[in-house]
S.K.: 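What follows is a structure written as structure tokens; I'll ask about it next.
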Number of protein chains: 2
Amino acid sequence: MRQAIEDRIGTSHGRSHAPGAELGHALLDGPAPGQRVGGHAVLLHEGDPARRIMELVEGAVMLTKLLPDGRRQVVELLGPGDVFGLACGDAYVCSAETLTASVVVAHERGALERDGALAARLLRRFESQLCTLHAHALVLGRMSALERVAFFLLRLMPEGRQPGRGDAPLDGSVHIAMTRQEIADFLGLTLETVSRAFSELKRRGLVALLRADEVRIRDRGSMERLAGAA
Amino acid sequence: MRQAIEDRIGTSHGRSHAPGAELGHALLDGPAPGQRVGGHAVLLHEGDPARRIMELVEGAVMLTKLLPDGRRQVVELLGPGDVFGLACGDAYVCSAETLTASVVVAHERGALERDGALAARLLRRFESQLCTLHAHALVLGRMSALERVAFFLLRLMPEGRQPGRGDAPLDGSVHIAMTRQEIADFLGLTLETVSRAFSELKRRGLVALLRADEVRIRDRGSMERLAGAA
DNA sequence: CGGCCCCTTGATTATATTCAACCCTTGTGG
DNA sequence: CCACAAGGGTTGAATATAATCAAGGGGCCG
């Protein structure tokens, strides 16, 4: 299963790396300021020795953790500016996988001591990511399935969303770059429950499902009430 | 409800603050390097303007978030060295309440720019707290009630626990400074379910319940298997 | 056109919640 | 010193919610 994902790395964006090489190694070798990678590429493996810390410049990445029996949790969804590749001790605590084509920069961990500007930037970003995780703990611990999915959709399309951006196709719809299974792993549900929640939100007229991966929020107020906007 | 908690502040440790004053104000005024506070004292309120950032020197603190309808989630349990009082924008994202008598230092947020050593310390600590939150997301999203409680108990009594410390009464037992409701709010369960899980762990011989708030782990291996030790 | 992957929906079952009663400990006041 | 009240904890029975098991329906690519 681990191999199956890695197989996709070299091919998913058209350029081939050394066969069998992990993307982590490719990044390790390149001194490039920003490494471009395709979608569905595994960047890090939970448990691997943690030599570097990563900044996402562009794109979307998910961080995942596994239980020994295979249950998976997507612990964080990252966007531009977010940081990953954290370690407690000397191993990565999460796997990292791109959702869409992305640009990533990697820093040697030692650079944190020397580069004050980098450290300051990471500090600010860590604070922001901690806040997001706090909110997510509330979602996972205390919200119903419908509430979780509403929360997820609002998160994809923040309030002050300017129309006409590249990822927003004209109207107010969003492309969801995750499968139902990935959404379920993010929200602590099963894929069937996520699917039912989408249908229920549609039935209630809160969202429109243009396609399975194209959603439009019809009634933001009700969605926010569901998601418990504080 | 908010008042009910604050009522306890002035009295819980014998010394009285100014009547009606919040502990946050007491901390604000004192230039003391370490402010001593009693147990069950509210240090911060979610939503209040975030002027300072706090370090826990000694004791135990829990961070909580509320939904509009009153559902509560304990998002983090803090020990010595941990940092709290985070903000996204200009408001605290969590309330903070002591579980036991504690010592806290508060820093003006501006100090982060000036004090490089402080920033470096917080950066390291943020990384550690992010890792803990990642692990907790896995617990909240993917573990059964029994597994969650096992995880909680292991967390209270880490592996390399040296005997004879102040908080370990001779044998390998731990005092739990939280009610069943607080544990439930931490694990995303109800207090009844937590109680049943304790009973089940006892029935299986994995733990001994000396008292409701005094637990001893009898079979660490089985507990770790339950909690999915990676 | 066919196969594959993902998504949706239905029926059944498992798990945790809710509602309710009772118990134990602790602290207080007669 | 005992009785009692209050707060937390435990346990049982009924219920709700999401998981599981199972079948069928697109859309997309070869």
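Heavy-atom basis, side chains included; hydrogens, waters and symmetry copies ignored. Numbers restart at 1 for each chain; the letters A, B, ... are given by sequence-line order, proteins then strands.
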S.K.: Round to a whole Å and report the spacing from CZ of A/Phe198 to C1' of C/dC7.
M.R.: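 Taking atom C1' of C/dC7 as the reference, CZ of A/Phe198 is at 11 Å.
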S.K.: Salt-bridge test for B/Arg142 and A/Asp185: reply yes if a basic N is under 4.0 Å from a carboxylate O, no otherwise.
M.R.: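 Looking at A/Asp185 together with B/Arg142, the answer is yes, because their closest N to O distance falls below 4.0 Å.
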S.K.: Examine D/dA19: is either OP1 or OP2 under 4.0 Å from a nitrogen or oxygen in the side chain of A/Thr193? Give yes or no.
M.R.: yes
S.K.: Output the single nucleotide from D/dT10, C/dA16, D/dA18 whose closest atom is nearest the side chain of B/Ala145.
M.R.: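 Nearest to the side chain of B/Ala145 among the choices is C/dA16.
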S.K.: Starting at atom CG of B/Leu191, determine the distance to atom P of C/dT17, rounded to an integer number of angstrom.
M.R.: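 Atom CG in B/Leu191 sits about 10 Å away from atom P in C/dT17.
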S.K.: Any salt bridge between B/Arg196 and B/Glu192, counting N to O under 4.0 Å?
M.R.: no
S.K.: How many Å lie between CZ on B/Arg148 and P on C/dT17, as a whole number?
M.R.: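 Going from CZ in B/Arg148 over to P in C/dT17 covers 8 Å.
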S.K.: Quick one, A/Glu55 and A/Phe84 - any side-chain contact, counting heavy atoms below 4.5 Å?
M.R.: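 SC-SC contact between A/Glu55 and A/Phe84 ruled out.
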S.K.: If you look at every strand shown and take non-hydrogen atoms under 4.0 Å, does B/Arg211 touch a base, only sugar-phosphate, or nothing?
M.R.: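 Result for B/Arg211 = sugar-phosphate.
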S.K.: What distance separates A/Ser173 OG from A/Arg218 CZ, expressed to the nearest 0.5 Å?
M.R.: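 It is 11.5 Å, given to the nearest 0.5 Å.
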S.K.: Nearest whole Å is fine: how far is D/dA18 P from A/Leu146 CG?
M.R.: 8 Å
S.K.: List in numerical order all residues of residues 179-187 of chain B for which some heavy atom is under 4.0 Å away from an atom belonging to DNA chain D.
M.R.: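 Nucleic-acid contacts, sorted: B/Thr179, B/Arg180.
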S.K.: Tell me whether the OP1 or OP2 atom of D/dT11 has a side-chain N or O from B/Ser199 closer than 4.0 Å.
M.R.: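 Yes, B/Ser199 has a side-chain N/O under 4.0 Å of OP1/OP2 on D/dT11.
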S.K.: For B/Val83, is there any backbone N or O sitting under 3.5 Å from a side-chain donor or acceptor partner on B/Gln129?
M.R.: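 Pair found, side chain donor or acceptor close to backbone of B/Val83.
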S.K.: Going by modelled atom types, is there a donor-acceptor pair between the base of C/dG10 and the side chain of A/Arg196 at under 3.5 Å?
M.R.: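 Yes, the side chain and the base share a sub-3.5 Å donor-acceptor pair.
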S.K.: Assess whether one donor atom and one acceptor atom, taken from the side chain of A/Arg203 and the base of C/dT9, lie less than 3.5 Å apart.
M.R.: no
S.K.: In plain terms, say whether B/Glu147 and A/Arg71 are close enough for a salt bridge, that is, a side-chain N and a carboxylate O under 4.0 Å apart.
M.R.: yes
S.K.: Can you find a heavy atom in the side chain of B/Leu133 that is under 4.5 Å from one in the side chain of A/His134?
M.R.: yes
S.K.: Round to the nearest Å and state the distance from B/Glu214 atom CD to D/dG8 atom P.
M.R.: 18 Å
S.K.: Within this structure, what is the CD-to-C1' distance between A/Glu192 and C/dT13, rounded to whole angstrom?
M.R.: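 To the nearest whole Å, that distance equals 13 Å.
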S.K.: For B/Leu189 and for A/Met178, find the nucleotide of DNA chain C with the closest heavy atom, then tell me which residue's nucleotide is more 5'.
M.R.: A/Met178
S.K.: Is the backbone N or O of B/Phe186 less than 3.5 Å from a side-chain atom of B/His136, with the two atoms forming a donor-acceptor pair by type?
M.R.: yes
S.K.: Specify the separation, in whole Å, of atom CZ of B/Arg142 and atom P of C/dA16.
M.R.: 14 Å
S.K.: Would you call A/Val104 and A/Leu43 a side-chain contact if the rule is heavy atoms closer than 4.5 Å?
M.R.: yes
S.K.: Under the rule for side chain to side chain contact (heavy atoms under 4.5 Å, CB included), what residues qualify as partners of A/Ser102, not counting sequence neighbours?
M.R.: A/Val37, A/Leu56, A/Val61, A/Thr98, A/Thr100
S.K.: How long is the line joining CD of A/Glu200 and C1' of D/dA18, in whole Å?
M.R.: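 In whole Å, D/dA18 C1' and A/Glu200 CD are 14 Å from each other.
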S.K.: Between the axis at one end of the helix from C/dC1-D/dG30 to C/dG30-D/dC1 and the axis at the other (five pairs apiece), what's the angle to 10 degrees?
M.R.: 30°
S.K.: Respond yes when some side-chain nitrogen or oxygen of A/Arg71 is under 4.0 Å from OP1 or OP2 of D/dA19, and no when none is.
M.R.: no
